[in-house]
J.: 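Dropping the structure in here first, questions after.
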Amino acid sequence: MSFEKVGGISGEAVKSKTGKDWNEWIKVLDKAGAKKMNHKEIVAVLKENYGIGSWWQQMITVGYEQARGLRKVHETEKGFQISGSKTVDLPVSKLFSLWTNDELRTKWLGKQKIEIRKATKNKSIRISWLKDATNLEVNFYSKGKDKSQVMLEHNKIKNETLAAKQKKFWKEKLEQLKLLTH
């Protein structure tokens with residue numbers, strides 16, 4: 001079996017950053033016994049033996065786990081995780097308000113049972129999604145005077161089906177958010 005693209009990253013891209021393509025990494029990790037290792041143990045093999053950065057250690061480990069059927073797409077050790085982002089024509093302070101102000105948030109997100117656990121003004125919000133006991137991490141980035149970006153990660157999703165539904169949900173809601181800003 002040949003692996004040209006794993007986890008959304010091409011073998012060519014992996015080789016340009018790490019010196020090996022997916023097929024080579026999979027052979028190396030198979031030889032090291034990674035099929036019987038947990039995530040942290042595989043990362044340790046890469047860290048101790050191959051001199052690649054921590055980001056690439058994680059990417060190669062996740063790619064290997066997906067290629068060998070040890071992990072599904074979006075799966076983490078604590079469930080499934082999805083992400084999304086949207087750039088809008090608003091200053092970051094106004095974008096932040098669309099998330100933190102209950103009345104404004106309801107206009108694009110609808111009524112949701114949430115709890116904002118922590119908010120750092122114009123930077124980040126940590127939210128408990130009470131409906132299903134999942135967590136949402138939201139980060140804000142200024143892209144100039146009248147442009148900003150929101151990036152979110154929805155964590156601890158119970159299964160692959162729910163992760164796919166949440167991915168679709170957030171794609172739609174972030175589009176509604178953007179439409180609200182025009």
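Side chains included, hydrogens not; waters and symmetry mates left out as well; all remaining heavy atoms used. Keep in mind it's a predicted model, so treat the numbers as computed, not measured.
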J.: Is Asp30 salt-bridged to Lys27, cutoff N-O under 4.0 Å?
T.: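 Result for this pair is no, no salt bridge flagged.
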
J.: Please check this pair: side chain of Gln66 against backbone of Gly63, looking for a donor-acceptor N/O pair closer than 3.5 Å.
T.: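 Here the side-chain-to-backbone pair does not exist.
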
J.: Is the shortest side-chain heavy-atom distance between Gln58 and Val43 below 4.5 Å?
T.: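 Yes. Closest side-chain heavy atoms under 4.5 Å.
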
J.: Are Phe80 and Gln166 packed together at the side-chain level, in the sense that at least one heavy-atom pair is separated by less than 4.5 angstrom?
T.: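 SC-SC contact between Phe80 and Gln166 ruled out.
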
J.: Can Met151 be reached from Phe169 by stepping across I, L, V, M, F, W or Y side chains whose heavy atoms are under 4.5 Å apart?
T.: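 They do not share one cluster, since no chain of ILVMFWY contacts under 4.5 Å joins Phe169 to Met151.
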
J.: Checking Arg126 side chain against Glu137 main chain: does a donor-acceptor pair fall under 3.5 Å?
T.: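 Answer holds: no.
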
J.: Using modelled atom types only, decide if a donor and an acceptor are shared between the side chain of Trp56 and the backbone of Lys17 within a distance under 3.5 Å.
T.: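 No, because the side chain of Trp56 does not come within donor-acceptor range (under 3.5 Å) of the backbone of Lys17.
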
J.: Answer whether the closest heavy-atom distance between the side chains of Asn135 and Arg117 falls below 4.5 Å.
T.: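 Sidechains of Arg117 and Asn135: in contact.
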
J.: To the nearest 0.5 Å, tell me how far Leu95 CG sits from Asp89 CG.
T.: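 Answer for the CG-CG pair, Leu95 versus Asp89, is 11.0 Å.
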
J.: Measuring from Lys35:NZ to Arg68:CZ, what's the distance to the nearest 0.5 Å?
T.: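 Going from NZ on Lys35 over to CZ on Arg68, the span is 5.0 Å.
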
J.: Would a 4.5 Å heavy-atom cut-off, applied to side chains only, mark Leu162 and Thr134 as touching?
T.: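 When only atoms from C-beta onward are counted, Thr134 and Leu162 do not touch, as no gap falls below 4.5 Å.
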
J.: Ser124 and Asn139: which non-hydrogen atoms are nearest, and at how many Å?
T.: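 In terms of heavy atoms, the two residues are closest at CB-OD1, 3.4 Å.
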
J.: Are Gln112 and Ile127 close enough that some pair of their side-chain heavy atoms sits under 4.5 Å apart?
T.: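 Contact flag for Gln112/Ile127 side chains = no.
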
J.: Between Ile60 and Tyr50, is any pair of side-chain heavy atoms under 4.5 Å apart?
T.: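 No. Closest side-chain heavy atoms not under 4.5 Å.
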
J.: Using modelled atom types only, decide if a donor and an acceptor are shared between the side chain of Asn101 and the backbone of Ser97 within a distance under 3.5 Å.
T.: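 Here the side-chain-to-backbone pair does not exist.
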
J.: Judged by atom type as modelled, is there a donor-acceptor pair below 3.5 Å linking the side chain of Ser148 to the main-chain atoms of Leu90?
T.: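 Confirmed, Ser148 side chain pairs with Leu90 backbone.
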
J.: Could you pull out the closest heavy-atom pair between Arg105 and Asp102, with the gap in Å?
T.: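 Looks like NH2-OD1, 2.6 Å.
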
J.: Measure the shortest side-chain to side-chain distance between Tyr64 and His39 over non-hydrogen atoms and say whether it is less than 4.5 angstrom.
T.: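 SC-SC contact between Tyr64 and His39 ruled out.
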
J.: Side-chain contact test, heavy atoms from C-beta onward, threshold under 4.5 Å: evaluate it for Leu98 versus Lys94 and give yes or no.
T.: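 With C-beta onward as the side chain, the pair stays apart.
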
J.: Do Glu41 side-chain atoms and Ala34 backbone N/O form a donor-acceptor pair below 3.5 Å?
T.: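 It does not hold such a pair.
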
J.: Check the angle between the aromatic planes of Trp99 and Trp170 and answer parallel, tilted or perpendicular using the 30° and 60° thresholds.
T.: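 Because their plane-to-plane angle is under 30°, the rings of Trp99 and Trp170 count as parallel.
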
J.: Quick one: do Leu104 and Leu180 end up in the same hydrophobic cluster if we chain Ile, Leu, Val, Met, Phe, Trp and Tyr together by side-chain heavy atoms under 4.5 Å apart?
T.: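 As far as the 4.5 Å side-chain criterion goes, Leu180 and Leu104 are connected within one cluster.
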
J.: Are more than 12 heavy atoms from other residues, nucleotides or ligands located less than 6.0 Å from atom NZ of Lys167?
T.: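 Yes, because the 6.0 Å sphere around NZ of Lys167 holds more than 12 heavy atoms from other groups.
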
J.: NZ of Lys178 to CD of Glu175: how many Å apart, nearest 0.5 Å?
T.: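 The CD atom of Glu175 is 6.5 Å from NZ of Lys178, to the nearest 0.5 Å.
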
J.: Are Ile52 and Val62 connected into the same hydrophobic cluster when the rule is that any two of I, L, V, M, F, W, Y join if their side-chain heavy atoms are below 4.5 Å apart?
T.: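 Shared cluster, no.
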
J.: Under 4.5 Å between side-chain heavy atoms, hopping through other hydrophobics if needed: is there a path connecting Leu29 to Trp55?
T.: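 Same cluster.
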
J.: To check you understand the geometry: which heavy-atom pair defines the closest contact between Ile125 and Thr100, and what is its length?
T.: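 Looks like CD1-CG2, 3.5 Å.
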
J.: What are the two closest heavy atoms between Ile26 and Ala67, and how far apart are they?
T.: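 Minimum heavy-atom contact is CD1-CB, 3.6 Å.
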
J.: Going through the checks in order, is the side chain to side chain contact (heavy atoms under 4.5 Å, CB included) test met by Asn122 and Phe140?
T.: CA-CA 6 Å; Asn122 301 335; Phe140 301 88; 5.8 Å; no

J.: Going through the checks in order, is the side chain to side chain contact (heavy atoms under 4.5 Å, CB included) test met by Trp25 and Thr61?
T.: CA-CA 9 Å; Trp25 280 119; Thr61 299; over 6 Å; no

J.: Rounded to the nearest 0.5 Å, what's the gap from CD on Glu48 to CG on Leu46? Could you check?
T.: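 Rounded to the nearest 0.5 Å, the CD-CG separation comes out at 9.5 Å.
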
J.: Are Asn155 and Lys78 close enough, and set up right, to give a side chain to side chain contact (heavy atoms under 4.5 Å, CB included), and what steps lead you there?
T.: CA-CA 8 Å; Asn155 303 299; Lys78 295 180 180 180; over 6 Å; no

J.: First locate atom OG1 of Thr87, then atom NZ of Lys143, and finally report the distance between them rounded to the nearest 0.5 Å.
T.: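 It comes to 6.5 Å.
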
J.: Write down the atom of Met37, the atom of Ala32, and the distance for their closest heavy-atom approach.
T.: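 So the two residues come closest at CE-O, 3.0 Å.
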
J.: What distance separates Ser128 OG from Lys118 NZ, expressed to the nearest 0.5 Å?
T.: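 NZ of Lys118 is found 13.5 Å from OG of Ser128.
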
J.: With hydrophobic residues grouped by side-chain heavy-atom distances under 4.5 Å, do Leu136 and Val150 end up in a single group?
T.: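 They do share one cluster, since a chain of ILVMFWY contacts under 4.5 Å joins Leu136 to Val150.
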
